[in-house]
Amino acid sequence: MDASSDTAIATLLLDWYDIHARSLPWRAPPGTPAPDPYRVWLSEVMLQQTTVAAVKDYFAAFTTRWPDVAALASAPDEDVMAAWAGLGYYARARNLLACAREVAASGGRFPDTEEGLRALPGLGAYTAAAVAAIAFGRRAVVVDANVERVVSRLSAIDTPIPAARPLIRQKADAITPDGRSGDFAQAMMDLGATVCTPRNPRCLLCPLAAGCAARTMGDPGRYPVKAPKTSKPVRQGRAFWIERDCGAAGTEVWLVRRPATGMLGGMRALPDDGWNARADGSGGEPLKGLWRTAGRVGHVFSHFALELEVALHCGTRVQAMGEGEWWPLERLDEAGLPTVFAKAARLALGQKEDA
DNA sequence: GATACGTGGGC
DNA sequence: TGCCCAAGTAT
């Protein structure tokens with residue numbers, strides 16, 4: 001593909017975007033001034049490995065509660081972690097706060113260059129390029145999974161990802177125009193999300209179909225080529241649901257805070273028997289007395305699956321065990337439990353209703 | 001380069 | 001139903 005056709009790709013794509021751009025809460029319409037860098041940054045971090053549909057409510061909640069970077073920087077850790085609960089990849093929330101505080105401490109404005117952005121916590125190559133392009137109009141080569149798919153199809157790249165990444169980046173660089181940087185980046189992502197989809201791409205609607213090698217060869221869905229996935233181990237574990245003043249008004253449950261790093265790091269949780277990605281749980285109940293089983297919940301993490309037995313202890317005047325807090329059942333939805341523990345809680349509460 | 005790190009939706 | 005996938009980053 002020569003330079004003139006590379007230019008043609010950008011023109012065709014931007015013309016398509018002028019008509020078909022998705023309207024999203026964090027986005028400015030095509031050709032209009034860039035949105036607030038805080039909102040661009042926040043949305044990009046939330047969107048890392050996460051679907052637009054899942055992000056929308058969280059983005060609204062965060063921007064309502066913390067309208068600017070100074071407000072977010074001032075928020076207590078536990079409030080931000082709880083607000084992130086359910087969105088996954090919790091290191092993002094920890095890095096989000098660290099980044100907000102770093103920006104706030106250095107004057108309250110985000111760096112306006114890709115290099116400056118890349119130095120902030122939680123901003124890797126993709127996010128730094130995306131914010132530089134979308135919020136600051138900088139020319140940047142923005143490569144996410146959508147761009148990888150579009151480019152690997154345009155050029156029919158047979159090398160599997162991740163080995164193909166340097167070539168994909170080079171091809172993406174070649175078609176990235178000097179102007180309309182933010183629009184171009186978002187146009188590539190919109191094309192990938194709505195037309196050049198992973199399965200059953202809608203080539204008849206694609207503005208780039210005429211120059212697409214994969215389309216010409218007849219099987220665009222074959223790209224990008226990826227290495228086969230390895231299967232996930234299945235681990236066994238137990239979680240402990242401990243109530244005090246069981247059945248009374250104002251019943252509370254014992255919650256702990258997970259260590260700051262690792263699985264579900266920094267999140268509120270039920271006590272458990274130490275299950276992790278590498279081993280089944282092996283610890284005993286944190287409290288002597290009568291236990292019964294509520295049942296099991298299944299949960300699939302990014303790199304393993306868990307079968308979690310939920311053990312119940314319903315006592316009166318239960319003593320506190322180590323670090324943790326008694327949490328009122330009627331406010332449990334505000335505790336910010338990660339999904340696996342929210343499932344366990346639902347099971348435990350269902351048992352109570354049955355009893 | 002390989003691995004750890006969540007979750008929900010689509011087919 | 002189970003597998004694939006998503007606007008990746010840190011180590």
Side-chain angles (χ1 to χ4, degrees), chain A residues 22 24-27 39-59 81 84-96 98-99 117-135 140-150 160-166 172 182 184-194 196-201 221 224 226-234 258-267 269 276-278 298-306 336-343:
Chain A
R22 286 179 295 174
L24 299 170
W26 45 84
R27 177 181 279 186
R39 294 168 63 87
V40 175
W41 161 73
L42 178 62
S43 66
E44 289 299 341
V45 173
M46 287 184 165
L47 286 160
Q48 290 166 3
Q49 294 288 286
T50 307
T51 58
V52 166
V55 164
K56 280 183 175 171
D57 288 349
Y58 286 86
F59 181 80
M81 298 311 289
W84 196 275
L87 199 53
Y89 285 143
Y90 298 101
R92 291 185 295 170
R94 303 193 299 268
N95 287 328
L96 188 83
C99 179
L117 290 160
R118 180 69 180 80
L120 292 169
L123 281 86
Y126 163 76
T127 306
V131 175
I134 297 168
V141 183
V142 180
V143 183
D144 74 328
N146 289 299
V147 175
E148 286 183 351
R149 187 168 56 254
V150 171
I161 287 175
R165 292 217 161 102
F184 181 78
Q186 292 173 101
M188 287 289 280
M189 295 190 276
D190 276 18
L191 188 74
T194 65
C196 195
T197 48
R199 280 161 299 190
N200 306 316
K226 295 188 177 177
K229 307 263 188 214
T230 57
S231 61
K232 295 179 180 182
V234 179
R258 293 179 64 87
T261 57
M263 280 286 301
L264 311 176
M267 299 299 288
N276 61 64
R278 300 185 153 206
H299 191 73
V300 181
F301 294 102
S302 52
H303 50 311
F304 70 103
L306 178 67
L337 294 177
T339 299
V340 64
F341 294 116
K343 286 183 183 175

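Bear in mind that the values here come from a model prediction, so they are computed numbers and not experimental data. In the text below, chain A, chain B and the rest are named by the order of the sequence lines, each starting its count at 1.
- A:Met267 places none of its side-chain heavy atoms less than 4.5 Å from the side chain of A:Leu337.
- Among the heavy atoms of the strands lying under 4.0 Å from A:Gly262 are primed sugar atoms or P, OP1, OP2 only; no base atom is included.
- Distance, A:Lys343 NZ to B:dG6 P: 14 Å, rounded to whole Å.
- In this structure, A:Phe304 atom CZ and B:dG6 atom C1' are separated by 10 Å, rounded to whole Å.
- Listed pair A:His303 / B:dA4 fails the phosphate criterion, with no side-chain N or O lying under 4.0 Å from OP1 or OP2.
- Pairs of Watson-Crick or G-U wobble type, with distances under 3.5 Å, assemble into runs of 3 or more in DNA chain C at these ranges: B:2-5 with C:8-11, B:7-11 with C:2-6.
- One can place CE of A:Met267 at 13 Å from C1' of B:dC5, the figure rounded to the nearest angstrom.
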- line: With sugar-phosphate taken as primed atoms, P, OP1 and OP2 and all else as base, the protein-contact string of nucleotides 3-11 of chain C at under 4.0 Å (heavy atoms; B, S, -) is --SBBBSS-
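- Within the 6.0 Å centre-distance limit, the rings of A:Phe301 and A:His299 are counted as a close aromatic pair.
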- prompt: Could you go step by step and tell me if A:Leu47 and A:Trp26 meet the side-chain contact (heavy atoms from CB on, under 4.5 Å) rule?
  reply: CA-CA 11 Å; A:Leu47 286 160; A:Trp26 45 84; 3.8 Å; yes
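- In this structure, A:Thr230 OG1 and A:His303 NE2 are separated by 11.0 Å, a value rounded to the nearest 0.5 Å.
- B:dT3 and C:dA7 have their P atoms separated by 24 Å, with the value rounded to a whole Å.
- Between A:Thr339 and B:dT7 there is a side-chain N or O to OP1 or OP2 distance below 4.0 Å.
- Between A:Ala129 and A:Ala140, the shortest heavy-atom contact is O-CB, 3.6 Å.
- Looking at heavy atoms from C-beta onward, A:Thr50 lies out of side-chain contact with A:Tyr58 at the 4.5 angstrom threshold.
- Mapping A:Ala91 and A:Ala163 onto DNA chain B via the closest heavy atom, the residue that lands nearer the 5' end is A:Ala163.
- Under 4.0 angstrom from either OP1 or OP2 of B:dT7 there lies at least one side-chain N or O belonging to A:His299.
- At the heavy-atom level, A:Met263 lies under 4.0 Å from the strands shown only through sugar-phosphate atoms.
- The structure places CG of A:Leu120 at 11.0 Å from CG of A:Leu96, a figure rounded to the nearest 0.5 Å.
- Among the heavy atoms of the strands, none lies under 4.0 Å from A:Val142.
- Between C:dT11 and B:dG6, the distance separating the two P atoms is 14 Å to the nearest Å.
- A straight line from CZ of A:Arg92 to C1' of B:dC5 spans 10 Å, rounded to a whole angstrom.
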task: Apply the test side-chain contact (heavy atoms from CB on, under 4.5 Å) to residues A:Phe59 and A:Leu24: give CA-CA distance (whole Å), side-chain angles for both, the deciding distance (0.1 Å), then the verdict.
output: CA-CA 11 Å; A:Phe59 181 80; A:Leu24 299 170; over 6 Å; no
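- A:Leu87 comes within contact range of at least one nucleobase, with a heavy-atom separation under 4.0 Å.
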- prompt: How far apart are the C-alpha atoms of A:Val142 and A:Met188, what are their side-chain angles, what is the distance that settles it, and do they pass the side-chain contact (heavy atoms from CB on, under 4.5 Å) test?
  reply: CA-CA 9 Å; A:Val142 180; A:Met188 287 289 280; over 6 Å; no
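- Atom CH2 in A:Trp84 sits roughly 12 Å away from atom P in B:dG6 (whole-Å rounding).
- A donor atom on one side chain and an acceptor atom on the other are not found under 3.5 Å apart for A:Arg92 and A:Gln48.
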